[in-house]
Amino acid sequence: MSLNTPDSQVCLWTLAHDDPASLATYTANGGYQALRKILADKTPAEAIIAEVKTSALRGRGGAGFPTGLKWSFMPRSVPGPKYVVCNSDEGEPGTFKDRDILIYNPHQLIEGMIIAGYTLGATAGYNYIHGEIFEQYQSWERALAEARAAGFLGSDILGSGWDFELYAHHGYGAYICGEETALLESLEGKKGQPRFKPPFPASYGLYGRPTTINNTETLASIPWILRHGGQAFLELGKPNNGGSKIFSISGHVNKPGNYEIPLGTPFAELLEMAGGVRDGHRLKAVIPGGSSAPVLPADVMMDLTLDFDAIAKAGSMLGSGAVIVMDETVCMVRALERLSYFYFEESCGQCTPCREGTGWLYRIVHRIEQGKGRPEDLDELVRIGRNIGGNTICALGEAAVGPVISFVKHFRAEFEHHIEHKRCLVEN
Amino acid sequence: MPLIEIDGRKLDVAPGATVMDAANQAGIHIPHFCYHKKLSIAANCRMCLVEVEKVPKALPACATPVTDGMKVKTRSVKAIAAQKGVMEFLLINHPLDCPICDQGGECQLQDLAVGYGDSASHYREPKRVVKDKELGPLIATDMTRCIHCSRCVRFGQEIAGLMELGMPGRGEHTEVMPFLETQVTHELSGNVIELCPVGALTSKPFRYAARSWELSRRRAVSPHDGLGTNVQVHVKNGRVYRVVPQENEAINECWIADRDRYSYEALNGEERLTVPLLREGDAWVEASWQDALERVAAGLARVLENRGADAIGGLVSAHQTLEEIYLFTKLLRGLGVEHIDHRLAQAGATVGAGARWLGMPVAALDDLQRVLLVGSTLRKEQPLVAQRLRKAVKRGAQLNVVHSVDDDLLCQVAGKAIVKPSALGDALARVAVALVEAGAPLATAATLAGVTPDDAARTIAASLLGGERKAVLLGAVAQNHADADRIHALAGAIATACGATLGFLTPAANGVGAQLAGALPGPAGMNATQMLAQPRAAYLLLGVEPELDAHDAAAAGTAMRNADFVVQLTAFRTAASDYADVLLPIAPFTETAGTYVNMEGRVQTFHAAVAPRGEARPAWKVLRVLGNLLNLGGFDHDSVEAVRAEVLPQGQDGIAAHLDNTSPADAGVPTAAGDGIERLGETPIYQLDPLTRRAPALQATADAAEPAAWLHGELLARLGLEAGGRVRVIQAGGEVVLPVKRDDRLAIDTVRIAASHPLTAALGARLGGIRLERA
């Protein structure tokens with residue numbers, strides 16, 4: 001099986017076709033067959049969840065939580081409305097995969113959400129789409145209209161007697177709304193701030209009703225799993241890391257972009273696919289899973305395979321699959337300053353450690369970058385980071401701390417140089 | 001019951017309890033800022049992080065439910081580290097201005113910083129500065145001090161029912177602010193001052209006046225509405241500096257209304273009467289108490305001798321203490337006077353068999369499932385009763401309203417009949433007939449012949465027939481109504497038919513006490529409205545301002561001006577300066593000991609917080625001496641307790657036997673619901689009594705705005721008037737020109753014009769026909 005080709009791709013295979021987003025393209029290639037079969041056979045929800053568990057599909061939004069397990073938490077038997085929500089609020093710096101699914105394969109996501117709705121006993125589904133992407137929103141809305149016209153949505157879907165409807169919701173661009181409970185708040189029309197857990201969305205979600213939230217890529221993987229079987233999906237990747245995954249590779253490579261490749265593929269192969277580090281330069285560091293993931297030095301990274309477990313073992317995370325590549329021209333102090341500014345700016349301000357701590361981290365890093373650092377600053381950054389991490393309502397606190405601690409850990413000399421010489425170690 | 005262990009102590013806790021609840025149960029203090037027992041859980045301050053065995057992260061005690069077998073450590077190395085970490089974050093941007101901060105000495109952040117903060121800060125970066133917000137005359141802001149606990153925001157959403165403060169912005173830029181720069185106007189707004197754990201929200205009138213540790217705390221009972229709100233009066237050097245809540249779960253919980261909090265300003269004001277004054281021709285001269293009381297005794301004796309006891313009227317405020325009211329009535333009865341009343345605002349309800357009261361404990365309001373509220377501008381009459389009913393509605397109660405205006409009660413209303421004042425009785429009659437239609441048994445003294453229910457009445461009846469624990473509550477407008485007896489009879493019949501309790505929302509702090517003390521007309525006596533409509537030669541006034549308090553202000557003014565001899569016992573210089581003959585300075589509630597009996601019949605006594613100002617004296621002492629001067633027997637009390645023992649020999653235990661909401665046997669003939677325009681004249685929230693009328697900060701609020709004529713849009717169009725213009729209002733021979741305002745929540749033929757206000761004192765009955773002419 002070759003890499004990054006349609007036959008090994010779960011989500012982006014439609015790109016091999018003309019008019020990839022159309023209902024015609026999708027149905028001509030097996031689209032909506034999984035849904036038809038489930039509705040015709042009245043497949044029990046337990047069987048679907050079992051298949052998803054077999055596939056070892058793990059959440060593609062960043063946390064990597066096993067999807068089948070998450071689905072099993074949903075209390076199907078609770079009467080009243082229940083919801084399935086798709087998290088398309090792709091805001092993690094470096095990540096640009098979900099938007100391509102919305103543009104190039106919206107029907108697979110729609111089918112995935114309908115199957116999720118059927119499996120989870122939901123009455124309606126919402127797709128929360130990032131507020132700063134518009135073409136993608138329209139593409140999804142067009143596909144929804146096609147799906148409705150074709151009878152895949154609405155009442156008595158395909159004569160099954162089952163009703164389900166999907167809606168799009170355009171966000172406003174706050175990073176925090178990618179956090180699932182902040183997303184729910186925002187979807188309800190409130191200020192996007194995470195809720196504390198418990199209760200978890202499965203028991204108290206959208207409008208206080210049982211709700212399951214999955215990432216776009218996760219939900220788009222569902223039809224493939226049910227059509228080809230969970231085992232096939234698992235075998236596409238490696239144990240506990242089923243399937244292929246879209247990697248958004250950016251930074252100092254010759255061909256940045258989305259590459260959907262099997263989980264477990266060596267990083268070196270992805271780098272090669274992306275045309276390698278830009279000419280005349282050498283790899284310095286990689287953030288393997290979006291800006292929240294701890295940075296890894298080149299030598300560590302070159303030995304890793306791209307799957308949840310391998311990267312976690314190396315002290316970082318696969319996250320959303322956003323691979324940010326940095327060559328030797330990058331000033332790590334400057335890079336961290338930019339990242340810290342992002343988290344400072346995007347902290348929702350609700351809970352103390354993140355609201356106050358992200359600003360403190362940024363200001364120290366900024367000072368160092370400006371040549372006004374003090375020798376004690378580096379230990380202070382780590383100390384402040386440890387006081388934020390684990391003490392906040394949501395994971396944004398940890399996301400802000402991850403880069404700080406890893407940058408200082410792996411590139412301490414560069415920071416010290418900045419403090420001592422009030423200038424950059426890197427010539428650029 | 002989950003069994004848990006907290007700091008090594010084994011504990012049985014209620015299912016669903018949080019770790020914070022368990023710690024409170026065990027008497028273990030977990031530091032916190034955002035947690036408040038009356039508010040929803042926010043878990044945003046993170047100060048209450050504790051260690052839970054087998055959980056890697058520290059967890060917020062306030063938001064973590066207990067589970068069986070859970071082991072919690074609130075003081076472990078890990079817990080303390082988390083708490084100290086949070087404290088450091090809270091302090092980095094908090095200004096070090098404790099020495100000039102009014103919260104100093106009673107600041108949660110300051111207190112906890114001593115335990116959890118470092119002595120020196122690691123923070124070397126620029127500190128955040130936040131622009132202060134204008135929240136109106138009551139609440140001062142220093143927003144740089146805000147720690148974003150969101151208690152004030154949650155208070156608005158959850159308790160006040162009106163979200164006047166929000167938290168826009170993100171991250172460090174998050175700020176508490178009023179929306180669209182409007183002021184905070186809610187009648188309970190001042191409670192955010194106690195809720196604020198830092199000095200971001202403080203009392204504006206109290207600003208920079210005293211340090212909290214200099215103040216002595218005295219318990220008192222608020223002298224305003226009939227709830228009997230418990231307060232603490234904070235004093236220094238014989239002066240009242242502020243009033244704050246005294247928690248009493250059975251009455252006011254931990255809240256007080258803004259008028260409870262800010263009316264103290266009047267105590268220290270320039271309008272206080274501090275020396276007895278005698279009229280000499282057109283001038284007032286200061287006098288000794290001896291001379292003044294002798295003048296009163298001689299004056300009363302002269303009227304008695306010349307014209308008899310029938311020529312004397314006694315009007316007393318139900319904001320006075322039980323002991324004062326009792327001695328007042330004893331003195332007048334001793335002289336043979338039967339024209340005694342405390343119900344100045346009432347058009348003339350009959351005197352019942354017993355004292356009218358709430359009919360149930362105040363706290364039981366929370367648990368009501370069905371309520372019919374009759375003739376009550378509830379939020380302004382009874383701010384904290386409104387809060388309790390909002391709570392009940394949140395718990396699923398259905399609130400129904402019969403009134404002349406559909407004011408926003410800040411909660412859902414199930415059924416409502418909005419009719420002009422004279423039709424209130426008819427609206428109730430329709431509800432009663434709707435109940436009969438639905439099969440409920442009904443017996444009433446009021447005639448229901450020819451009454452057919454409408455949809456509104458049927459909706460209300462259907463609501464009242466459901467649920468359990470119900471009440472029919474009569475507000476001030478119902479009590480002040482000319483048809484008060486009929487309204488009472490119908491409300492009583494409705495209550496009986498649907499299994500509800502009938503209750504009176506007593507407008508004044510001692511409304512029940514005044515009835516118990518006998519401040520009601522004798523068998524041949526006239527009530528307040530009658531003795532003002534048929535002027536007496538002499539009036540003895542205790543704590544009342546007839547031209548503001550009376551049902552018919554114009555008649556009251558005329559009666560006073562034409563009387564031969566008027567004595568006013570008052571804490572303030574009032575309009576009586578124009579007509580009285582003797583002004584006797586008496587002590588307001590903070591300067592005397594006494595008793596209030598609240599609407600639920602609870603006897604609450606209090607001591608003086610400070611000595612009387614100037615030559616002012618507690619009214620009970622004044623009346624006692626006056627009794628002696630008039631040679632009346634039984635005026636030998638040497639303490640307020642002795643007076644209380646006489647009026648309430650069994651104390652609280654004797655009260656229940658005297659409470660009775662039985663409807664009058666004769667429901668009276670309904671006043672014809674005329675075709676004309678009628679006045680809805682309520683007492684504005686900050687015109688309730690002499691104190692509120694003279695409290696500068698309260699008088700600067702939106703609720704104290706000058707009276708206007710409020711009309712429904714349809715009526716405006718019919719009369720050719722325009723909102724924003726002015727209108728001549730004519731009633732009972734008097735007229736005033738008022739600004740015209742539009743309020744489509746009013747019943748159509750109703751014009752709302754505040755009573756109890758100097759600017760409308762020329763007008764007549766609070767609820768009666770009125771004429772409008774283009775000004």
Side-chain angles (χ1 to χ4, degrees), chain A residues 172-177 182 190-199 203 341-367 372-374 376-377 379-381 383-398 400, chain B residues 18 33-34 40-51 55-60 62-65 67 78-79 81-94 109 121-128 146-150 153 157 163 166-176:
Chain A
Y172 294 89
Y175 173 65
I176 193 62
C177 289
K190 300 173 187 160
K191 185 179 177 186
Q193 286 186 333
R195 302 171 178 172
F196 59 84
K197 290 164 271 187
S203 55
Y341 182 77
F342 176 79
Y343 290 102
F344 164 53
E345 190 58 36
E346 294 293 344
S347 166
C348 84
Q350 184 182 199
C351 72
T352 307
C354 181
R355 179 185 64 242
E356 306 294 340
T358 51
W360 196 356
L361 290 175
Y362 163 68
R363 289 189 174 92
I364 293 179
V365 178
H366 176 68
R367 219 168 14 77
K372 295 171 188 163
R374 305 187 186 98
E376 64 272 23
D377 281 342
D379 291 341
E380 191 71 352
L381 283 174
R383 189 184 71 83
I384 297 164
R386 298 231 157 96
N387 278 343
I388 301 174
N391 289 340
T392 51
I393 290 177
C394 79
L396 193 146
E398 268 125 47
Chain B
T18 62
F33 296 105
C34 70
S40 66
I41 301 296
N44 61 32
C45 78
R46 316 307 281 179
M47 193 62 208
C48 69
L49 290 171
V50 295
E51 181 180 352
V55 180
K57 292 181 183 180
L59 296 178
C62 68
T64 304
T67 50
K78 188 171 157 186
Q83 291 160 8
K84 286 191 164 181
V86 170
M87 176 55 78
E88 180 178 33
F89 287 130
L90 285 170
L91 292 177
I92 60 172
N93 275 310
H94 190 79
L109 186 65
S121 175
H122 286 254
Y123 189 70
R124 308 279 167 77
E125 321 307 322
K127 283 200 171 208
R128 176 173 60 226
C146 175
I147 60 167
H148 308 88
C149 71
S150 78
V153 175
Q157 291 171 309
M163 191 178 169
M167 264 222 264
R170 209 164 64 190
E172 264 192 25
H173 310 297
T174 305
E175 289 181 29
V176 168

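Letters A, B, ... mirror the listed sequences (proteins, then strands); counts begin at 1. Only heavy atoms go into these numbers, but all of them, side chains included; no hydrogens, no water, no symmetry mates.
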When you compare the side chain of [Y] with that of [X], does any pair of heavy atoms fall below 4.5 Å?
X: B:E125; Y: A:H366; value: no
X: B:H122; Y: A:R383; value: yes
X: B:F89; Y: A:I384; value: yes
X: B:E88; Y: A:W360; value: yes

Legend entry - Contacting region of A:I176 [heavy-atom separation from chain B under 4.5 Å]: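 Contact with chain B: none, neither part.
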Inset, instruction - Pick one of side chain, backbone, both or neither for A:E376, based on which atoms fall under 4.5 Å of a heavy atom in chain B. - result: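 Side chain only.
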Inset, instruction - Would you confirm whether B:K57, through its side chain, and A:T392, through its main-chain N or O, come within 3.5 Å as a donor-acceptor pair? - result: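 Pair absent, no side-chain N/O of B:K57 close to backbone of A:T392.
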Inset, instruction - Kindly write out the residues that satisfy salt bridge (Lys or Arg N to Asp or Glu O under 4.0 Å) with A:R195, not counting sequence neighbours, or none if the list is empty. - result: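 Counting only residues at least two positions away or on another chain, A:R195 forms a salt bridge (Lys or Arg N to Asp or Glu O under 4.0 Å) with A:E185, A:E188.
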Inset, instruction - Tell me, please, which residues at least two apart from A:R386 pass salt bridge (Lys or Arg N to Asp or Glu O under 4.0 Å). - result: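 Applying salt bridge (Lys or Arg N to Asp or Glu O under 4.0 Å) to A:R386 gives none.
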Legend entry - Atom pair CG/CZ of A:D377 and B:R124 - distance to nearest 0.5 Å: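 Reported value, rounded in 0.5 Å steps: 9.0 Å.
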Legend entry - Under the side chain to side chain donor-acceptor pair (under 3.5 Å) test, residues paired with A:K197 that sit two or more places apart: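 With sequence neighbours excluded, A:K197 shows a side chain to side chain donor-acceptor pair (under 3.5 Å) to A:E179, given in chain and number order.
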Inset, instruction - Residue by residue, scan residues 348-356 of chain A and write down, ordered by number, those that have a heavy-atom distance under 4.5 Å to chain B; if none do, write 'none'. - result: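 Residues A:C348, A:G349, A:Q350, A:C351, A:T352, A:P353, A:R355, A:E356 are the ones that qualify, each having a heavy atom under 4.5 Å from chain B.
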